[in-house]
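Only one structure is covered here, and it is reproduced in the block below.
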Number of protein chains: 2
Amino acid sequence: MRKITIDDVAALAEVSIKTVSRVINREPNVRKTTRQKVLEAARQLDYWPNVAARGLAGKNSYLIGLVYDNPSPSYLANLQTGVLETCRESGYGMVLYSLDSQKSNLIAQTDELIIQSRVSGLILTPPLSDNMELVQHLVAQNFAHALVSPPAFGETKFDGPVIMLDDRLAVFEMTNYLIKAGHRRIGFIKGHPQHSAGLRRFIGYCDALNAAGLAVDDQIIAQGYYSFDSGLSATQKILSANPRPTALFSTNDDMAAAAMHTALDMGLKVPDDLSVVGFDDTPLSRYIWPPMTTVRQPIRDMGHKAAEKLITYIHEPKKGQQIVMPFELKIRSSSAPLI
Amino acid sequence: MRKITIDDVAALAEVSIKTVSRVINREPNVRKTTRQKVLEAARQLDYWPNVAARGLAGKNSYLIGLVYDNPSPSYLANLQTGVLETCRESGYGMVLYSLDSQKSNLIAQTDELIIQSRVSGLILTPPLSDNMELVQHLVAQNFAHALVSPPAFGETKFDGPVIMLDDRLAVFEMTNYLIKAGHRRIGFIKGHPQHSAGLRRFIGYCDALNAAGLAVDDQIIAQGYYSFDSGLSATQKILSANPRPTALFSTNDDMAAAAMHTALDMGLKVPDDLSVVGFDDTPLSRYIWPPMTTVRQPIRDMGHKAAEKLITYIHEPKKGQQIVMPFELKIRSSSAPLI
DNA sequence: AAGGAAATTGACAGCGCTGTCATTTATGTT
DNA sequence: AACATAAATGACAGCGCTGTCAATTTCCTT
């Protein structure tokens with residue numbers, strides 16, 4: 001289990017270490033036959049470059065950072081798994097950072113993180129990807145970063161990789177499903193005000209209602225903060241409206257679970273008395289009873305894409321990489337046609 | 001935002017870079033006044049050592065790896081948060097690895113991981129910490145590693161840091177709680193056969209039953225694999241026993257949620273007809289309805305401890321570091337006294 | 001106060017790689 | 001075939017730190 005260095009490969013392939021370096025880094029100006037020879041030698045020795053040495057000598061640290069602020073465990077677990085898988089394939093390492101988007105020193109924290117960890121790029125997840133000040137700061141520094149679910153395009157001058165879901169359309173379709181099922185009074189728990197995705201979801205809801213000629217009624221709309229507890233109080237408000245809604249759309253699963261709790265505590269049956277739908281398709285949505293209707297976003301794949309595009313961007317920054325991921329309506333038993 | 005190097009600090013403190021290095025690394029043989037001078041200079045310049053350079057020059061990469069195999073998202077999220085926090089404080093980086101403990105090349109995978117990533121130590125989580133072959137391999141190589149929830153001590157010759165919970169006692173106490181509540185027939189869903197913690201939990205259950213003079217009945221014991229789906233079929237077996245148990249202990253929360261599903265699908269009320277208790281205190285246990293009685297393990301703190309002890313061990317390996325973490329019974333509404 | 005041991009400090013090489021620039025080799029042109 | 005030009009390769013310095021070992025200073029003895 002001895003460490004193989006670039007010198008070993010160079011010796012075996014009978015070239016200089018610089019040429020091996022060129023091949024490893026996919027640099028141009030290497031004859032095809034030479035490249036083959038080097039590749040073969042590397043394979044034979046099972047050579048793997050020393051990341052520390054690369055980081056020291058070059059500018060690229062082969063490290064990317066995934067930064068988050070208080071996400072749900074399953075969102076984080078899925079996203080990071082995706083990022084990790086892609087990193088591994090590309091010879092990159094991933095480091096995790098937890099940042100507090102509320103703190104005033106967010107920018108300073110980020111700078112420190114970049115300096116200390118020597119990451120070559122950052123993947124920002126909501127609500128950090130929503131923080132225009134932060135994003136602009138990175139843009140200004142010309143620091144590579146990918147944004148997951150950032151605010152609608154155009155609002156920012158950012159032009160690096162962006163991974164998003166058509167939140168508006170997803171909610172539009174899900175709301176339509178409820179309307180088609182006969183529901184006329186559909187409550188809505190908004191997402192965290194700092195998450196732009198929450199706003200887009202709300203717009204989708206309003207659009208669907210408008211398209212069906214239904215009124216948007218503030219009485220059955222409440223502010224949520226993505227936490228279970230915020231879902232509890234939001235639902236209390238909505239269910240105390242008169243007349244009571246027959247369906248309730250929550251912008252994430254945790255709050256939808258809270259809605260089901262509250263309904264059950266009030267003696268209402270789900271879905272008989274109240275249809276509840278969520279957003280995210282976390283494991284919870286399947287484990288709860290009755291299993292919850294929700295919108296699935298391909299979070300792991302979003303991690304793949306984010307890492308892939310970021311790494312490409314690190315090697316050669318080019319603009320306008322915007323990826324829209326597909327969603328899927330998961331109709332389960334917490335929602336039903338109105339009788 | 002210029003990079004500060006060790007030379008800057010040395011110049012400001014008017015000492016050689018080697019002395020700065022000594023101070024940074026807490027080496028002995030530095031005069032107190034010198035140490036102060038260096039520390040002050042470092043603070044003033046906001047100096048942070050370059051990890052890549054340290055890794056290249058020395059043997060310690062200041063990187064530790066957290067390896068896991070298919071854990072639940074919230075277990076992973078909590079543990080890694082704990083590890084991360086401690087790493088940050090100690091100037092270490094954390095890398096994550098997903099390994100497949102079923103695959104025959106597990107050892108080879110691990111070696112590759114160690115070589116490629118240059119980690120200085122590994123934290124193994126179940127079921128990897130249960131894999132004696134893997135642990136012995138690391139021991140043989142004299143490679144630093146911490147074990148989270150490994151098999152009972154004594155079965156192994158390992159003598160590095162070990163973080164564990166008294167699983168047997170936790171289940172013993174929880175079972176006692178059920179017995180005190182009047183339950184005489186208590187079903188049990190076993191944990192994954194490859195997790196030794198599952199075995200210890202089962203022993204705790206048997207011990208409590210025996211202590212109360214109750215028989216252990218195979219009819220109401222089923223094998224589970226920690227997944228929701230495995231909980232479904234396990235519960236089906238247990239609830240079809242005659243007479244039906246009045247309480248059901250599941251070795252984790254996901255399976256307990258499945259038990260509640262199955263019970264509800266069968267028209268049984270929880271907790272009126274069946275008390276259900278879980279293990280782990282995942283968010284799910286609180287979000288489900290009715291909120292679930294469960295055993296809380298301080299997973300995040302276990303991450304702290306594991307990282308802390310591992311880092312200490314990397315600097316000076318000394319034996320017999322065994323930490324037993326406290327647990328807590330969380331009595332909620334999925335369990336009730338037998339009427 | 002001289003001599004020796006112990007504590008403290010520094011000079012210097014080198015970890016494994018990449019960037020720069022010089023050198024060699026292949027290709028095209030007339 | 002001689003030359004210009006482009007492509008391919010290599011020599012060498014140096015990234016920021018630690019390990020080794022030698023030089024210096026301090027502290028005890030007597």
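These numbers were taken from a predicted model, which means no experiment stands behind them. We name chains A, B, ... by the order of the sequence lines, and we start the count at 1 in each one.
Within the structure, side-chain hydrogen bond (donor to acceptor under 3.5 Å, both in side chains) contacts touching residues 73-83 of chain A (residues at least two apart or in different chains) are A:Gln80-B:Gln80.
With hydrogens and angles ignored, the 3.5 Å screen pairs a side-chain donor or acceptor of B:Thr125 with a backbone N or O of B:Val67. The backbone N or O of A:Tyr92 sits nowhere less than 3.5 Å from a side-chain atom of A:Ser90 that would complete a donor-acceptor pair.
B:Ser72 meets the side chain to side chain donor-acceptor pair (under 3.5 Å) test with no other residue; sequence neighbours excluded. B:Glu308 pairs by the side chain to side chain donor-acceptor pair (under 3.5 Å) definition with nothing, not counting sequence neighbours. The salt bridge (charged side-chain N to carboxylate O under 4.0 Å, His left out) test applied to B:Asp69 returns no partner, not counting sequence neighbours. Here A:Asp8 pairs with A:Arg2 under the salt bridge (charged side-chain N to carboxylate O under 4.0 Å, His left out) rule; sequence neighbours left out. In this structure A:Arg300 satisfies the side chain to side chain donor-acceptor pair (under 3.5 Å) test together with A:Glu85, sequence neighbours excluded. For A:Lys309, the side chain to side chain donor-acceptor pair (under 3.5 Å) test picks out A:Gln321, with sequence neighbours left out.
For the 3.5 Å distance criterion, the side chains of B:Glu133 and B:His137 fail to qualify, holding no donor opposite an acceptor. Of the N and O atoms on the side chains of B:Ser120 and B:Ser61, at least one donor lies less than 3.5 Å from an acceptor on the other residue.
Using a 4.0 Å cut-off, some side-chain N or O of B:Thr34 falls inside it from OP1 or OP2 of C:dT9. Remark: B:Ser16 is not in phosphate contact with C:dA11, judged by side-chain N or O atoms under 4.0 Å from OP1 or OP2.
Bending across the helix from C:dA1-D:dT30 to C:dT30-D:dA1, expressed as the angle between its end axes from five pairs apiece, amounts to 30° (10° rounding).
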Across nucleotides 14-21 of chain C, 5' to 3', mark each nucleotide with B, S or - according to how protein heavy atoms within less than 4.0 Å reach it. BBBBSBB-

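In this structure, CG on A:Leu106 lies 9.5 Å from CG on A:Asp111, to the nearest 0.5 angstrom.
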Nucleotides 23-28 of chain D: which of its N/O atoms have a protein N/O under 3.5 Å away?
none

Under 3.5 Å, which protein N or O atoms sit close to an N or O of nucleotides 4-7 of chain C? Give each pair with its distance.
none

Donor-acceptor contacts, no H, no angles, side chain residues 41-56 of chain B, under 3.5 Å, sequence neighbours left out:
residue : atom : partner : partner atom : Å
B:Arg43 : NE   : B:Glu40 : OE1          : 3.4
B:Arg43 : NH2  : B:Glu40 : OE2          : 3.1
B:Asn50 : OD1  : B:Ala52 : N            : 2.7
B:Asn50 : OD1  : B:Ala53 : N            : 3.0
B:Arg54 : NH1  : B:Asn25 : OD1          : 3.0
B:Arg54 : NH1  : B:Tyr62 : OH           : 3.4

